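Heads up, the thing below is written out as structure tokens.
Quick note: residue numbers are just sequence positions, from 1. Keep in mind the model is a prediction, meaning the values are calculated, not measured.
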Amino acid sequence: MSPQEQAHTRERLVIAARDLFHQQGYNATGIAQILKQAGANAGSLYYFFPTKEDLLRAVLEWYRDHIHEALLDPIWTHVSDPIERVFALLNGYRLWLIETEFVYGCPIGNLALELSATHPAVRDLIAKNFSNWKDAVRECFEDAKGKMPDGVDVAALASF
């Protein structure tokens, strides 16, 4: 298998696991389901991810590394005002929840709730994903400082 084919197989496994973890949770997702959805064999999975938790870590890294292209850019491409970007992001989540009839929730939030007590090794990655989201919102508020009252703590506002 060429390096390009290996990278493609690894990416298919991560995307399949990401989607299944989001749809039904980490614990409810079986390895066989991931393999079927990814169109991969067990040897490929265990070559890249010796354990299911290694695959979970790769999924959380995917979310961390793709926040802009997968979440922010599709919404913010159409909105230039930094304050309106925050509202557009929140509205995007709201519309997505309605469209999915509130079945899936937040992919990172769901994993955090499900795994915080049982998988301490991924807590830092979960926290980093939340920090990235908060930092993106904070940057919007920083870009809008001239439009906000003096003394506004943009980091605290972004956390809120």
Side-chain angles (χ1 to χ4, degrees), residues 1-79 84-140 155 158-160:
M1 188 181 289
S2 74
Q4 186 177 14
E5 290 171 322
Q6 285 183 340
H8 182 65
T9 299
R10 184 185 188 285
E11 183 74 6
R12 285 193 338 261
L13 288 163
V14 171
I15 297 304
R18 179 202 67 194
D19 293 349
L20 288 166
F21 293 166
H22 188 211
Q23 292 167 7
Q24 57 194 35
Y26 175 80
N27 290 317
T29 299
I31 295 297
Q33 290 177 295
I34 295 167
L35 292 172
K36 182 178 180 183
Q37 186 153 326
N41 62 47
S44 294
L45 176 75
Y46 292 114
Y47 173 79
F48 295 112
F49 309 106
T51 68
K52 187 177 173 187
E53 189 171 282
D54 291 326
L55 182 55
L56 170 63
R57 191 173 292 108
V59 166
L60 291 167
E61 290 167 350
W62 186 95
Y63 280 121
R64 178 199 64 204
D65 297 343
H66 292 85
I67 186 172
H68 281 279
E69 73 183 60
L71 175 64
L72 302 175
D73 292 347
I75 294 170
W76 289 355
T77 299
H78 308 290
V79 182
E84 292 303 318
R85 282 183 164 192
V86 174
F87 286 109
L89 179 61
L90 295 172
N91 190 52
Y93 266 110
R94 183 184 69 79
L95 292 174
W96 181 77
L97 287 169
I98 291 168
E99 181 180 307
T100 61
E101 297 180 340
F102 302 91
V103 172
Y104 301 117
C106 171
I108 304 301
N110 290 351
L111 288 171
L113 290 170
E114 181 180 4
L115 303 173
S116 65
T118 58
H119 291 74
V122 298
R123 283 186 195 141
D124 287 342
L125 271 170
I126 289 171
K128 181 61 180 163
N129 274 283
F130 283 122
S131 293
N132 284 352
W133 200 92
K134 181 180 71 175
D135 290 346
V137 172
R138 180 188 41 77
E139 288 172 17
C140 287
S159 291
F160 175 75

Quiz item: Please walk me through it: do Tyr47 and Asn41 pass side-chain contact (heavy atoms from CB on, under 4.5 Å)?
Solution: CA-CA 10 Å; Tyr47 173 79; Asn41 62 47; over 6 Å; no
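- In this structure, Ala112 and Phe130 approach most closely via the heavy-atom pair CB-CE1, 4.1 Å.
- Atom CD1 of Ile15 is separated from atom CG of Asp19 by 6.5 Å, given to the nearest 0.5 angstrom.
- Put simply, the side chain of Arg138 never gets that close to the backbone of Ala155: no donor and acceptor are under 3.5 Å apart.
- The two atoms that bring Ile75 and Gly92 nearest to each other are CD1-CA, 4.3 Å, heavy atoms only.
- Other residues, nucleotides and ligands contribute only 12 or fewer heavy atoms inside 6.0 Å of the CZ atom of Phe87.
- Rounding to the nearest 0.5 Å gives a distance of 10.0 Å between OH of Tyr46 and CG of Leu55.
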Quiz prompt | From CA spacing to verdict: side-chain contact (heavy atoms from CB on, under 4.5 Å), Phe48, Val14 | solution = CA-CA 10 Å; Phe48 295 112; Val14 171; over 6 Å; no
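- For the atom pair CG of Leu71 and CG of Asn129, the computed distance is 10.5 Å after rounding to the nearest 0.5 Å.
- His22 pairs by the ring-ring contact (aromatic ring centres under 6.0 Å, His included) definition with Trp96, Tyr104, not counting sequence neighbours.
- Nearest heavy atoms, Ala158 versus Lys134: CB-O, 3.6 Å.
- How far CG of Leu56 is from CD1 of Ile126: 6.5 Å, rounded to the nearest 0.5 Å.
- In this structure, Glu53 pairs ionically with Arg57, as a charged nitrogen and a carboxylate oxygen lie closer than 4.0 Å.
- Here the straight-line distance linking atom OH of Tyr63 with atom CG of Asn132 works out to 14.0 Å at 0.5 Å rounding.
- With a 6.0 Å radius and a threshold of 12 heavy atoms from other residues, nucleotides or ligands, Phe160 has its CZ atom at or below the threshold.
- For Glu69, the CD atom counts as densely surrounded, since its 6.0 Å shell holds more than 12 non-hydrogen atoms of other residues, nucleotides or ligands.
- Atom CG of Asp73 sits about 10.0 Å away from atom NE2 of His78, to the nearest 0.5 Å.
- Tested against Val122 for a side chain to side chain contact (heavy atoms under 4.5 Å, CB included), the candidates Val59, Leu111, Leu60 yield a single pass: Leu60.
- Residues meeting the ring-ring contact (aromatic ring centres under 6.0 Å, His included) test with Trp62, sequence neighbours left out: His66.
- Closest approach of Ala28 to Gln24, counting heavy atoms only: CB-O, 3.2 Å.
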Self-check item: Stepwise side-chain contact (heavy atoms from CB on, under 4.5 Å) check, Leu13 with Leu35
Solution: CA-CA 7 Å; Leu13 288 163; Leu35 292 172; 4.2 Å; yes
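- Glu114 contributes a side-chain N or O that, together with a main-chain N or O of Tyr26, makes up a donor-acceptor pair within less than 3.5 Å.
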